[in-house]
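The structure under discussion appears below in the form of C-alpha cells.
Labels below follow one simple rule: chain letters A, B, ... track the order of the sequence lines, proteins then strands, and each chain is numbered from 1. Bear in mind that the values here come from a model prediction, so they are computed numbers and not experimental data.
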2 protein chains.
Amino acid sequence: MSPRTAPRPQADETRARIVDAALEALRANGIAGVSARTIARHGGFNQALIFYHFGSVEGLLVAVARRESERRSALYAPALREVTSLLELVGVARRLHDEEFSRGSVAALTQMLAGAVGSEELARGIWDALEPWTTLVRETIERLLADTPYGEALSPDDLTAAVTALFLGIELLTGLDPNGRERTPFSTMEAAAAGIDALLRPQGAATDG
Amino acid sequence: MSPRTAPRPQADETRARIVDAALEALRANGIAGVSARTIARHGGFNQALIFYHFGSVEGLLVAVARRESERRSALYAPALREVTSLLELVGVARRLHDEEFSRGSVAALTQMLAGAVGSEELARGIWDALEPWTTLVRETIERLLADTPYGEALSPDDLTAAVTALFLGIELLTGLDPNGRERTPFSTMEAAAAGIDALLRPQGAATDG
DNA sequence: GTCTATAGTCGGATAGAC
DNA sequence: GTCTATCCGACTATAGAC
C-alpha cells in the first residue's frame, strides 16, 4: 500500500501520475472497466508500478479518493466560510459543479462508491478519505441554520448527506442522459434558493453574520 | 437478447428467476462484481442460461432495469396522482424509500448507472427503461408546481432530475456510511417540506386540487 | 430449454532482471 | 524504482449433448 522506502521526489511524481491515470480511467471506463492494465494504459506506464506503489488496485483507488477530497476541501473552504445565505451556497455549489464535474472528480467518486459495494476495504477507505470534505460541508450548513428559525427541526447531518447525495446523483444521471452534459439544474436551484431566502428573511431573527 | 421461440410459461418463469438473481447480485456485489457466473450462483442456475435468454450480461441488466421501472411506476402511480402538497410528496417518497431500498431496486439501479459509463448499450437501455418512471415523476411535479406562484421559475425537468438524483445519491452514501442503514434523512425532509408548504400557502392562489 | 465442456481473453499479482 | 515475463484464476461466449 506504500512504497518500501522513504518517498523521494521522483517517486512522488510517479505516484501522482498514477493517481491521475486512475481518475481518468474511472471517468472514462467506470469502476467495472478499471483494472491495473487499463489504468496503466491511460497513464502510459507499466502495470506493475501500481502494485509497487499502492499494493493493489483498491489501494490506488483509496489514494485517489483521499487526494481529491483534500484538494477539494482546501480549494472551496474559503468560499464556503464566507457564505451567508442559501442562494450564496447554491452559487458556490454551482462553481464546484462546473469545475469538479469537468475535472471528472465527481464521476470518479461515484464510481468508487459504486465499487465500495461488496468491498469492505474500499468502503472504509473512501469513508475515511471523505471526512475532511463532509466536515467542511456540515460546518457550513450548521452556520447557515443557526441564522434561521428552523434550525432545530433540520438536522445538519441529514442536510449534509442530502447535499452530497444530490451531487452524486446528478453525476450518475447526467452521464446517462444523452443531452445531460449540456443541461444543468442550477438555474432552477438558484430560483428555489432565492425564493426560500426571501420567505425566510422576514420571519427570521435579524442576526447579522 | 430474446429467446428463439415464442415465450412459454416455464421460460417466463426462468427469465423472471434470472432477473431476480441479477438484481440480488447487483445489490450484493456491485456492478464491478457481477458476472454471468456470480449471477448464476445467486439464483442457483446454470451460467449459460443467461446467454440463451438475454444474449449477454448487459442485456440481462437492461431487462432488470426495465422490469423494475415498470413495476415501480405501476405501484406508485395511484399514490402520486393523489398528492397535493410537498409534504405529501415527501410522504410518498418516504414510503418508496422504505420499500424500494429494502428490496434493493435502488441499489441495483445505481450500480447499473455506474456501469453505464463506458457502455453505450447499457446507457441507452437503461435510459429507455427508466422512461415510464421519469414521466410519472415529472407529471406529478408539474401538477404541484401549477398550484404555486413559483411554477414559472422552476423547471419540472430540473426538479425531476433533482429528485431522482437525490434518491440515487442517498443509496450511494448509505451504502458507504457504517451506520447509514439505520439513518434516514426523511424526518428532516418532512420538516423542510412542511415549512415550505406553510410559507407558500398564504401567498399562493387558493386553488383546491 | 437446460445442461456440461471448453475455447479464448483478460485480470491481479509476483519474481526477478536491470 | 521501473521494467519484462509469467502464473493462474475468472471471465464471456459458444458448441453440442441431453
Side-chain donor/acceptor pairs under 3.5 Å, residues 168-175 of chain B, sequence neighbours excluded:
{"from": "B:E171", "atom 1": "OE2", "to": "B:R181", "atom 2": "NH2", "distance (Å)": "3.2"}
{"from": "B:T174", "atom 1": "OG1", "to": "B:I170", "atom 2": "O", "distance (Å)": "2.9"}
{"from": "B:T174", "atom 1": "OG1", "to": "B:E171", "atom 2": "O", "distance (Å)": "3.3"}

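- Taking atom CD1 of B:I18 as the reference point, atom P of C:dC3 lies 9 Å away to the nearest angstrom.
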* DNA chain C base-pair string [pairs: Watson-Crick or G-U under 3.5 Å; |: paired with another strand] -> ||||||||||||||||||
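- For the ring pair (Phe, Tyr, Trp, His ring centres under 6.0 Å) test, no residue two or more places apart in sequence or in another chain qualifies with B:H42.
- Residues B:R67 and B:D20 are paired through a salt bridge, judged by an N-O separation under 4.0 Å between the basic side chain and the carboxylate.
- Atom CG in A:N46 sits about 11 Å away from atom C1' in D:dG1, given to the nearest Å.
- Atom CZ of B:R15 and atom C1' of C:dT2 are 15 Å apart (whole Å).
- Applying the salt bridge (Lys or Arg N to Asp or Glu O under 4.0 Å) rule to A:E88 yields no partners; only residues at least two apart in sequence or on another chain are considered.
- Under the salt bridge (Lys or Arg N to Asp or Glu O under 4.0 Å) criterion, B:D177 pairs with no residue at all, not counting sequence neighbours.
- Contacts of residues 60-68 of chain B with DNA chain C (heavy atom under 4.0 Å): none.
- Considering only residues two or more places apart in sequence or on other chains, B:R27 meets the side-chain hydrogen bond (donor to acceptor under 3.5 Å, both in side chains) condition with none of them.
- Counting to the nearest Å, the C1' atom of D:dT2 and the CZ atom of A:F54 are 14 Å from each other.
- Here D:dA13 presents its C1' atom at 14 Å from CD1 of B:I39, a figure rounded to the nearest Å.
- B:Q111 pairs by the side-chain hydrogen bond (donor to acceptor under 3.5 Å, both in side chains) definition with nothing, not counting sequence neighbours.
- Applying the side chain to side chain contact (heavy atoms under 4.5 Å, CB included) rule to A:T14 yields the partners A:I18, A:L49, A:H53; only residues at least two apart in sequence or on another chain are considered.
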* Could you encode protein contacts along nucleotides 8-18 of chain C as a string, one character per nucleotide from 5' to 3', using B for base contact, S for sugar-phosphate-only contact and - for no contact, with a heavy-atom cut-off of under 4.0 Å? => ---BBBB----
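- Atom CD1 in B:I50 sits about 12 Å away from atom C1' in D:dC11, given to the nearest Å.
- One atom, CZ of A:F45, and another, P of D:dT2, lie 10 Å apart when rounded to the nearest Å.
- Remark: A:S69 engages no residue in a side-chain hydrogen bond (donor to acceptor under 3.5 Å, both in side chains) (not counting sequence neighbours).
- With sequence neighbours left out, B:R71 forms a salt bridge (Lys or Arg N to Asp or Glu O under 4.0 Å) with B:E68, B:E100.
- Within the 4.0 Å cut-off from OP1 or OP2 of C:dT2, at least one side-chain nitrogen or oxygen of B:T14 is found.
- Under 4.0 Å is where a charged nitrogen must lie from a carboxylate oxygen, and between A:E99 and A:R103 no such pair does.
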